[in-house]
Amino acid sequence: MSTLSDRHAIVGEIGSTHLRFALADVDELTMDHYVSFRTRDFDSIELALNAYLTSLPCRPGRMSLAIAGDVAEGQAHLAHLPWIFTDKRLQDALRIPVVKLISDIKAVSLAVPLLAEHELLRVAATVSPQPGPKAVVLIERDIETAIIVPTGREWAVTCGRAADITFGVEDEDELLVVNTMRSRPGRITVGKILTSTGLAALHDALRLRAGLNPSGWNISEITTAASLDENDPFAKEAVERFAAWLGRFAGDLAAAYGASGGVYLVGSLPNDLRDYLTDGPFRASFVGAGGPSGFASTVPVYIVKAFNVGLRGATLALS
């Protein structure tokens with residue numbers, strides 16, 4: 001297999017359920033040869049990458065992967081799977097001279113400032129974004145946050161650990177529901193509540209509170225049941241409560257970061273819930289968050305509709 005020029009690179013999103021790869025032109029920020037694999041079909045990242053490489057006409061000399069997990073000093077540890085690998089190991093195994101590993105939240109944060117208007121759905125506030133920091137919230141099986149700050153013509157990305165913040169309740173009813181969601185003793189964090197698994201646990205908790213058995217439904221089943229004309233009352237309450245909680249968290253995050261440039265919700269879960277985030281409890285909770293200063297009411301919130309934002313960020317990490 002021949003080698004492509006340095007302007008071409010393999011880019012990928014490496015998650016616990018899906019592996020997405022594309023061939024990127026780093027100069028033009030365009031992509032083709034897009035594929036999506038199921039992670040469970042492979043025993044290692046090398047096997048998945050080899051399967052993708054065999055589909056390409058030429059072998060690129062560079063690769064950049066956005067990892068849903070921890071990345072430090074060239075080593076990646078995939079969340080929810082026992083996959084641990086390094087950039088050096090992939091260089092040697094795949095004979096690709098340049099390999100870059102970055103976290104998925106950093107990848108999407110690199111891409112956010114370059115998104116076009118049609119790739120965004122505004123869900124809160126009527127004001128336009130102001131110059132200043134932008135907050136990014138990536139919500140899948142986990143919740144990750146970052147702040148991107150303008151530094152001249154560039155943007156600096158700082159990843160946070162907001163998932164470790166203790167989740168607060170506002171009244172006795174919320175406390176009862178959250179305690180029902182509690183799977184083990186100890187502190188309940190944002191990362192255990194405002195995720196896809198948290199929404200499923202919330203739906204089951206509402207059923208348990210009513211004396212019913214857990215449903216075991218996935219996110220698609222919950223959102224579908226909530227939107228039917230004869231909707232499941234527990235599904236509807238679950239998505240409305242979740243939207244209110246997410247709005248409260250996003251508003252507090254905007255205040256903590258001084259995110260006058262907006263809050264950007266990224267991932268499949270915000271897109272699945274877009275009908276419940278564009279109005280109602282999310283907006284009310286967001287605008288009311290952040291304390292009496294009313295700062296959050298001046299901050300716009302967007303759902304990122306672009307499906308390949310992580311791949312774009314992986315490409316930008318090489319440019």
Side-chain angles (χ1 to χ4, degrees), residues 15-16 68-70 79-80 103-106 108-109 112 123-124 133-148 157-206 219 222 237-259 262-274 276-277 281-291 295-296 299 301-304:
S16 59
D70 295 323
H80 309 292
S103 66
D104 54 352
I105 181 61
K106 183 171 184 179
V108 300
S109 298
V112 159
V123 298
K134 301 177 186 290
V136 181
V137 185
L138 175 60
I139 314 172
E140 300 281 359
R141 290 183 65 182
D142 300 292
I143 185 167
E144 301 174 83
T145 62
I147 182 73
I148 47 180
V157 177
T158 300
C159 301
R161 303 288 299 185
D164 295 333
I165 294 173
T166 299
F167 181 81
V169 298
E170 290 194 340
D171 54 43
E172 291 184 2
D173 188 49
E174 282 192 358
L175 180 60
L176 178 61
V177 172
V178 170
N179 277 332
T180 305
M181 296 173 65
R182 189 192 298 269
S183 59
R184 60 179 63 89
R187 192 168 58 96
I188 296 181
T189 64
V190 167
K192 294 177 181 177
I193 301 292
L194 297 180
T195 63
S196 58
T197 53
L199 177 53
L202 172 57
H203 181 246
D204 284 343
L206 294 173
I219 300 306
I222 293 171
E237 183 179 354
V239 295
E240 289 180 346
R241 278 187 183 269
F242 189 92
W245 291 349
L246 181 58
R248 189 188 309 165
F249 171 73
D252 286 344
L253 197 69
Y257 284 164
V263 176
Y264 296 78
L265 306 177
V266 188
S268 59
L269 188 55
N271 280 279
D272 289 341
L273 295 176
R274 66 171 61 180
Y276 301 95
L277 301 182
F282 177 88
R283 179 182 173 85
S285 291
F286 179 83
V287 171
F295 175 77
V299 177
V301 182
Y302 302 92
I303 293 174
V304 174

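Residue numbers start at 1 and run along the sequence shown. The figures that follow rest on heavy atoms only: side chains count, while hydrogens, waters and symmetry mates do not.
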Worksheet entry | Audit row: Phe282, Leu273, side chain to side chain contact (heavy atoms under 4.5 Å, CB included) steps and yes/no | CA-CA 11 Å; Phe282 177 88; Leu273 295 176; over 6 Å; no

To the nearest 0.5 Å, how far apart are [atom1] in [X] and [atom2] in [Y]?
X: Ile188; Y: Thr166; atom1: CD1; atom2: OG1; value: 9.5 Å
X: Glu144; Y: Leu138; atom1: CD; atom2: CG; value: 5.0 Å
X: Met181; Y: Leu202; atom1: CE; atom2: CG; value: 5.0 Å
X: Thr195; Y: Arg141; atom1: OG1; atom2: CZ; value: 9.0 Å
X: Leu246; Y: Ile143; atom1: CG; atom2: CD1; value: 6.5 Å

If we ignore hydrogens and angles and just use 3.5 Å, is the side chain of [X] paired with the main-chain N or O of [Y] as donor and acceptor?
X: Ser285; Y: Trp245; answer: no
X: Glu140; Y: Ser268; answer: yes
X: Arg187; Y: Asp164; answer: yes

Item to complete: Might you confirm whether atom NZ of Lys106 has over 12 heavy atoms from other residues, nucleotides or ligands at distances under 6.0 Å?
Response: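 No, NZ of Lys106 has 12 or fewer neighbouring heavy atoms, counting only those of other groups under 6.0 Å.
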
Please find the pair of heavy atoms, one from [X] and one from [Y], that lie closest to each other, and give the distance.
X: Ile193; Y: Phe242; result: O-CE1, 3.4 Å
X: Ile222; Y: Ala200; result: CD1-CA, 3.8 Å
X: Ala243; Y: Pro281; result: CB-CG, 4.3 Å
X: Tyr257; Y: Ile147; result: CB-CD1, 3.5 Å
X: Gly258; Y: Pro133; result: O-CD, 3.6 Å
X: Ala296; Y: Val287; result: CB-O, 4.2 Å

Item to complete: Please lay out, stage by stage, how Leu194 and Ile139 fare under the test side chain to side chain contact (heavy atoms under 4.5 Å, CB included).
Response: CA-CA 8 Å; Leu194 297 180; Ile139 314 172; 5.7 Å; no

Item to complete: Quick one: do Leu206 and Val177 satisfy side chain to side chain contact (heavy atoms under 4.5 Å, CB included)? Show the steps, please.
Response: CA-CA 7 Å; Leu206 294 173; Val177 172; 4.0 Å; yes

Discussion item. One pair to check against side chain to side chain contact (heavy atoms under 4.5 Å, CB included): Val304 and Leu265. What are the steps and the verdict?
Written reply: CA-CA 6 Å; Val304 174; Leu265 306 177; over 6 Å; no

Item to complete: Measure up the Tyr264 and Tyr302 rings against each other and bin them: parallel (under 30°), tilted (30 to 60°), perpendicular (over 60°).
Response: parallel

Fill in: Verdict with reasoning, Arg248 to Glu174, per salt bridge (charged side-chain N to carboxylate O under 4.0 Å, His left out)
CA-CA 13 Å; Arg248 189 188 309 165; Glu174 282 192 358; 2.7 Å; yes

Worksheet item: Is any side-chain heavy atom of Val108 closer than 4.5 Å to a side-chain heavy atom of Val136?
Response: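 Of all side-chain heavy-atom pairs linking Val136 with Val108, at least one is under 4.5 Å.
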
Fill in: Asp142: partners by side-chain hydrogen bond (donor to acceptor under 3.5 Å, both in side chains), with sequence neighbours left out
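Asp142 satisfies side-chain hydrogen bond (donor to acceptor under 3.5 Å, both in side chains) with His80 only.
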
